[in-house]
Asker: 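So that we are looking at the same thing, I have put the structure below in structure tokens.
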Amino acid sequence: MSRTLVELLQAGLPAEAVLTDPDVTSAYSHDMASFCAAGVPAVVVLPRTVEQVQHVMRTATELRVPVVPQGARTGLSGAANASDGCIVLSLVKMNRILEISPVDRIAVVEPGVVNAALSRAVGEHGLYYPPDPSSWEMCTIGGNIGTASGGLCCVKYGVTAEYVLGLDVVLADGRLMSTGRRTAKGVAGYDLTRLFVGSEGSLGIVVRAVLALRPKPPQQLVLAAEFASTGAACDAVCAIMAGGHVPSLLELMDRTTVRAVNALANMGLPETTEALLLAAFDTPHPAADLAAVGALCEAAGATQVVPAEDAAESELLLQARRLSLTALEAVKGTTMIDDVCVPRSRLAEMLDGVERIGEKYGLTIGVCAHAGDGNTHPTVCFDAADADEARRARESFDEIMALGLELGGTITGEHGVGVLKKEWLARELGPVGVEMQQAVKAAFDPHHLLNPGKLF
């Protein structure tokens, strides 16, 4: 079976694009999520053209072999994990930026383009691609589309779904379908483009994307505010948003996260603070905006408010925030990263609840959050070699998701469902919602070959 599969794949792919050595293919078995089962792929393929992707899918359909699409494997939900005997379809070699149009304000890209590379390329044309996950130097646009990624700037600019105008998608049977548009407006038919965003490769293989761009904004300036409690920091967040301010970034790091970042990178963040709030503006006159927000932070109880003096100092603060998840992983060696998003008005309750859960299970749980849109990342730190601690970590992770739902939130704001949260997806959607989503899956993938075992 495996040899026949490999031979058929090699008939339409260059020899170097078909990997069968187990020592090599094992590196493609999983993404960066903990507690997610991963199988052993039969083969890994690295196509460079749309026609080669079509050949892979036709072969898979003919032999009824499951296919797991992958980008850079920086995901945090197990959505890119291999299943036993599958074809891992890695799209990282399809990494061309096909077009950048300053007039239409679009970029046309292949799925393997790295987020940061696209951002820099469009910046040379005075344009801006806003979605910026913390892994932006590694993650790919295809992966961002598959998980509907967010990032630090979502509070002002929104998430990946708001920038995907059109897609070329190879379906399970190898047919090529185009969705959406490259125009500024368009409402023809069902919005299948939006359907594919966040579908985690379960409906089709994205091979080309038309992305909306914005004019490049001025360099942002950042303000750091220290608080004696996370509750006071959350009060400041609510005051900022209720006051009509539109920051380009509004991030929160709790005490545990601040100390972890200092321990990892010696960033010199204030370790006496219980919560550090970072606010940024990329307006023509950011100093005035920061002063107004600084006053709101002081009114909410900030013990110190320090605006960055220049872009370099601002970038250091953003670097500290981007290091948060890596720093928390260094605390005990392994982490489970939650991605619960709640209404901003319930943010303080969420963080208080996470603290109680950490105390209940005797675990270190650090929280960094895209506070401006209520998207929290409670990160459970534990020793994977300690079976009891690992059990408590999993139970605390589940309890955090339950808390998020109780507060009117969602189990995932930007990381996706994958393997890690598929049991919780059913709780959030309800039986009718699951039934309808499974019907959509069956319409696009009747043999259930695409990324099996994910989402449902």
Side-chain angles (χ1 to χ4, degrees), residues 30-38 71-81 132-136 138-139 143-144 146-152 154 159 198 200 251-261 264 320-342 347 350-351 353-355 357-358 361 363-371 373-384 389-405 409-425 454:
H30 58 85
D31 63 16
M32 297 179 71
S34 302
F35 285 104
C36 293
R73 303 192 308 281
T74 57
L76 295 167
S77 67
N81 285 13
D132 63 338
S134 293
S135 59
W136 78 307
M138 299 178 288
C139 64
N144 295 168
T147 57
S149 298
L152 303 188
C154 294
V159 296
E200 301 183 11
E251 299 287 310
L252 184 148
M253 301 162 66
D254 73 352
R255 174 188 67 249
T256 299
T257 304
V258 167
R259 293 179 178 177
V261 169
L264 178 71
R321 169 60 185 86
R322 290 186 187 277
L323 283 172
S324 294
L325 299 182
T326 303
L328 288 167
E329 185 174 2
V331 171
K332 295 294 290 285
T334 311
T335 56
M336 289 192 75
I337 303 169
D338 252 308
D339 178 40
V340 174
C341 190
V342 297
L347 187 59
M350 183 70 199
L351 298 189
V354 169
E355 185 174 2
I357 291 168
Y361 288 96
L363 294 167
T364 298
I365 304 179
V367 180
C368 54
H370 308 306
D373 50 28
N375 193 180
T376 69
H377 295 312
T379 303
V380 184
C381 307
F382 66 100
D383 180 359
E389 193 162 283
R391 174 191 59 80
R392 286 182 281 126
R394 179 72 217 209
E395 291 177 5
S396 68
F397 180 87
D398 287 344
E399 200 160 315
I400 289 169
M401 284 196 285
L403 173 63
L405 292 180
T410 176
I411 59 169
T412 177
E414 60 186 7
H415 292 170
V417 175
V419 176
L420 189 61
K421 303 165 195 165
K422 66 178 185 177
E423 295 176 9
W424 284 92
L425 180 64
K454 314 298 167 37

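Residue numbers count from 1 along this sequence.
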Asker: Give me the atom names and distance for the closest heavy-atom approach of Asp132 to Arg322.
Answerer: OD2-NH2, 3.2 Å

Asker: Calculate, to the nearest 0.5 Å, the distance between atoms OG and CE belonging to Ser135 and Met32 respectively.
Answerer: 8.0 Å

Asker: For Asn81 and Val419, indicate whether the former's side chain and the latter's backbone hold a donor-acceptor pair under 3.5 Å.
Answerer: no

Asker: Would you compute the distance between atom CG of Asn375 and atom CG of Asp338 and round it to the nearest 0.5 angstrom?
Answerer: 10.5 Å

Asker: Considering residues at least two apart in sequence or located in another chain, which fulfil the side chain to side chain donor-acceptor pair (under 3.5 Å) criterion with Lys454?
Answerer: Asn451

Asker: If we check side chain to side chain contact (heavy atoms under 4.5 Å, CB included) with Thr256, which of these qualifies: Leu328, Thr379, Val367?
Answerer: Leu328

Asker: Using side-chain heavy atoms (C-beta onward) and a distance below 4.5 Å, is Asp254 in contact with Cys368?
Answerer: no

Asker: So, for Ser77 and Ala33, which heavy atoms are closest and what is the spacing to 0.1 Å?
Answerer: N-CB, 3.6 Å

Asker: Has Glu200 got a side-chain atom pairing as donor or acceptor with Thr147's backbone, closer than 3.5 angstrom?
Answerer: no

Asker: When you look at Val380 and Thr335, which way does the side chain to side chain contact (heavy atoms under 4.5 Å, CB included) test go after all the steps?
Answerer: CA-CA 5 Å; Val380 184; Thr335 56; over 6 Å; no

Asker: Heavy atoms only: give me the nearest Leu76-Leu420 pair and the separation to one decimal.
Answerer: O-CD2, 3.7 Å

Asker: Checking Glu414 side chain against Gly151 main chain: does a donor-acceptor pair fall under 3.5 Å?
Answerer: yes

Asker: Return the set of residues passing salt bridge (Lys or Arg N to Asp or Glu O under 4.0 Å) with Lys332 (not counting sequence neighbours), or none when no residue passes.
Answerer: Glu389

Asker: Test Ile337 against Leu325 for side chain to side chain contact (heavy atoms under 4.5 Å, CB included), laying out the working first.
Answerer: CA-CA 8 Å; Ile337 303 169; Leu325 299 182; 4.1 Å; yes

Asker: I need the Ile411 CD1 to Asp339 CG distance, nearest 0.5 Å.
Answerer: 9.0 Å

Asker: Tell me the closest heavy-atom pair linking Ile365 and Gly358, and the distance in Å.
Answerer: CD1-CA, 3.6 Å

Asker: Less than 4.5 Å apart, side chain to side chain, heavy atoms only: is that true for Cys36 and His30?
Answerer: no

Asker: Indicate the ring-plane relationship of His377 and His415, choosing parallel, tilted or perpendicular according to the 30° and 60° boundaries.
Answerer: parallel

Asker: Can you measure from CE (Met401) to CG (Leu425) and round to the nearest 0.5 angstrom?
Answerer: 10.5 Å

Asker: Show me the pairs that pass side chain to side chain donor-acceptor pair (under 3.5 Å) and involve residues 392-401, at least two apart or across chains.
Answerer: Lys360-Glu399, Tyr361-Glu399, Asp388-Arg392, Arg391-Glu395, Arg394-Asp398, Asp398-Trp424

Asker: Take Arg321 and Leu152, measure what side chain to side chain contact (heavy atoms under 4.5 Å, CB included) needs, and give me the verdict at the end.
Answerer: CA-CA 9 Å; Arg321 169 60 185 86; Leu152 303 188; 4.1 Å; yes

Asker: Under a 4.5 Å cut-off applied to non-hydrogen side-chain atoms, are Pro133 and Asn144 in contact?
Answerer: yes

Asker: So which atom in Ala72 and which in Cys139 form the shortest heavy-atom distance, rounded to 0.1 Å?
Answerer: CB-CA, 4.1 Å

Asker: Work out which heavy atom in Cys341 is nearest to a heavy atom in Gly413; give both atom names and the distance.
Answerer: CB-CA, 4.1 Å

Asker: Can you tell me how far OG1 of Thr257 sits from CG of Leu252, rounded to the nearest 0.5 angstrom?
Answerer: 8.5 Å

Asker: Step by step, work out the side chain to side chain contact (heavy atoms under 4.5 Å, CB included) result for Met350 and Val340.
Answerer: CA-CA 9 Å; Met350 183 70 199; Val340 174; 3.8 Å; yes

Asker: Taking the six-membered ring for Trp, are the ring centroids of Phe397 and Phe382 within less than 6.0 Å of each other?
Answerer: no

Asker: When rounded to the nearest 0.5 angstrom, what is the spacing between OG1 in Thr376 and CD1 in Ile400?
Answerer: 8.0 Å

